[in-house]
Amino acid sequence: MAKKMDELLDSNYDGIEEYDNDLPRWWLYLFFITIAFSAFYISYYHFGPGTDGQPLALLDKEMQAHNAIVAKNEASTSVSSESAVEFITAAATDETKLAQGKEVYTAKCAACHADKGQGLVGPNLTDNAWIHGGTIPDMVRIVENGVLEKGMLAWKGVLKPEEINNVVAFLWSIRNTNVPGKAAEGDVIAE
Ligand code: HEC
């Protein structure tokens, strides 16, 4: 016996009435498909390839891969890589790069290292004495990570890698210019 369409039910909720029609076929099929899919998905998710049987093991694996990438990136920050040393050495004689580096220096560093790098709160950057080493990678490392307990800020993430390159190139260009200022601190680095 075919069911009548659009037959009103007796119920009446504050004026809201309803039909007793069947669910549309397409809707019902979609519903069955999701049930079938869930059976497949649950078994795949828990026991499928690469999961080691457990979502947590999978998470663990992905976290390890992620941490390895983070560690690698931290170890070889773009700016302290070998090519960065080349880049910075070249930039230290490039007027444009130096001007950009000086701009960063004046905006971010001069407050503590003084306008010409002669030192104020921070050490004199124009002498030949360095607390943390006087090579390009040393400078990049200090600029990136800072010496927080001594008041030198960490600039990684604040300055773009390119700005760090340029500002270190600027430091490289003013080292050993011996602007009178704060007395030498650290070890003398022979050229
Ligand atoms: C808030 C103050 C402050 C600011 C701003 C600052 N520094 Fe420093 N900086 C210091 C202090 C203090 C030290 C000394 C750290 C120590 O004694 O270990 C230092 C040390 C350094 C050193 C190592 C010097 C050495 O003798 O080994 C470098 C290089 C340096 N700063 C570069 C920069 C650059 C580049 C900037 C700007 C991007 C900057 N600093 C901004 C306070 C500052």
Side-chain angles (χ1 to χ4, degrees), residues 50-52 55-191:
T51 60
D52 296 335
L56 279 181
L58 181 60
L59 174 68
D60 210 41
K61 213 158 132 190
E62 291 193 352
M63 283 308 293
Q64 272 173 17
H66 169 79
N67 288 339
I69 293 171
V70 170
K72 193 166 151 239
N73 284 348
E74 279 177 359
S76 67
T77 48
S78 57
V79 272
S80 36
S81 63
E82 221 167 273
S83 61
V85 172
E86 265 170 44
F87 175 91
I88 290 170
T89 315
T93 56
D94 177 327
E95 294 299 327
T96 324
K97 295 268 187 314
L98 277 185
Q100 287 165 350
K102 183 165 189 191
E103 209 171 285
V104 174
Y105 180 86
T106 307
K108 310 283 187 195
C109 322
C112 291
H113 291 282
D115 59 336
K116 296 189 191 65
Q118 70 271 38
L120 206 64
V121 181
N124 193 327
L125 300 173
T126 67
D127 55 22
N128 60 358
W130 295 89
I131 305 168
H132 299 283
T135 68
I136 287 177
D138 288 328
M139 292 183 197
V140 170
R141 177 172 48 84
I142 295 300
V143 174
E144 284 191 333
N145 304 320
V147 190
L148 297 179
E149 66 279 10
K150 294 285 180 56
M152 168 64 189
L153 310 175
W155 295 94
K156 192 177 178 177
V158 179
L159 295 175
K160 297 192 202 99
E162 185 193 340
E163 292 176 314
I164 293 181
N165 276 338
N166 289 340
V167 81
V168 172
F170 174 70
L171 296 189
W172 196 243
S173 77
I174 62 169
R175 80 195 195 288
N176 300 346
T177 55
N178 297 308
V179 180
K182 209 170 177 202
E185 294 164 86
D187 302 323
V188 170
I189 307 284
E191 264 302 289

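Since we're looking at a predicted model, the values are computed, not measured. First listed ligand is number 1; within each ligand, the first listed atom is number 1.
- Across all their heavy atoms, Gly101 and Val167 have their closest contact at O-CG2, 3.7 Å.
- Proximity of Trp155 to ligand 1, defined as any heavy-atom pair under 4.0 Å, is confined to the side chain (atoms from C-beta onward).
- Shortest contact from atom 5 (C) of ligand 1 to any protein heavy atom: Lys108 O, 3.3 Å.
- Heavy-atom minimum distance, Met152 versus Ile142: CE-O, 3.9 Å.
- Note: Arg141 CZ to Thr135 OG1 = 7.5 Å, rounded to the nearest 0.5 Å.
- Ligand 1 has a nitrogen or oxygen under 3.5 angstrom from a nitrogen or oxygen of His132.
- Scanning the protein for heavy atoms near atom 36 (C) of ligand 1, the closest one is Cys109 SG, 2.7 Å.
- Remark: ligand 1 and His113 share an N or O pair separated by less than 3.5 Å (distance only, no angle test).
- Atom CG of Asn165 and atom CD1 of Ile88 lie 4.5 Å apart (nearest 0.5 Å).
- Of all atoms in ligand 1, listed by their number and element, those nearer than 4.0 Å to a heavy atom of Val143 are 32 (C), 35 (C).
- Here the heavy atom of the protein found nearest to atom 42 (C) of ligand 1 is Gly151 O, 3.5 Å.
- In terms of protein heavy-atom proximity, atom 15 (C) of ligand 1 is nearest to Lys150 CB, 3.7 Å.
- Nearest to atom 22 (C) of ligand 1 among the protein's heavy atoms is Ile142 CG2, 3.5 Å.
- Nearest protein heavy-atom neighbour of atom 3 (C) of ligand 1: Cys112 SG, 2.7 Å.
- In this structure, the separation between NZ on Lys116 and NZ on Lys102 is 8.0 Å, given to the nearest 0.5 Å.
- Using a 4.0 Å cut-off between heavy atoms, Ile131 contacts ligand 1 through both its backbone and its side chain.
- Across Asp127 and Glu185, no two heavy atoms sit closer than the pair OD2-N, 4.3 Å.
- Contact annotation: Ala111 has no heavy atom less than 4.0 Å from any atom of ligand 1.
- Within the model, atoms NE2 of His132 and CG of Asn145 stand 11.0 Å from one another, a figure rounded to the nearest 0.5 Å.
- Between Leu120 and Ala114 the shortest heavy-atom distance is CB-N, 4.2 Å.
- Given atom 13 (C) of ligand 1, the protein heavy atom at minimum distance is Pro123 CD, 3.2 Å.
- Contact annotation for Leu171 and ligand 1: only side-chain heavy atoms (C-beta onward) come within less than 4.0 Å of the ligand.
- In terms of heavy-atom proximity, Tyr105 sits nearest to Leu125 at CE1-CD1, 4.1 Å.
- Taking both residues in full, the closest heavy atoms of Thr177 and Ser173 are given as CG2-O, 4.0 Å, listed atom of the first, atom of the second, then distance.
- The protein heavy atom nearest to atom 10 (C) of ligand 1 is Met152 CB, 3.4 Å.
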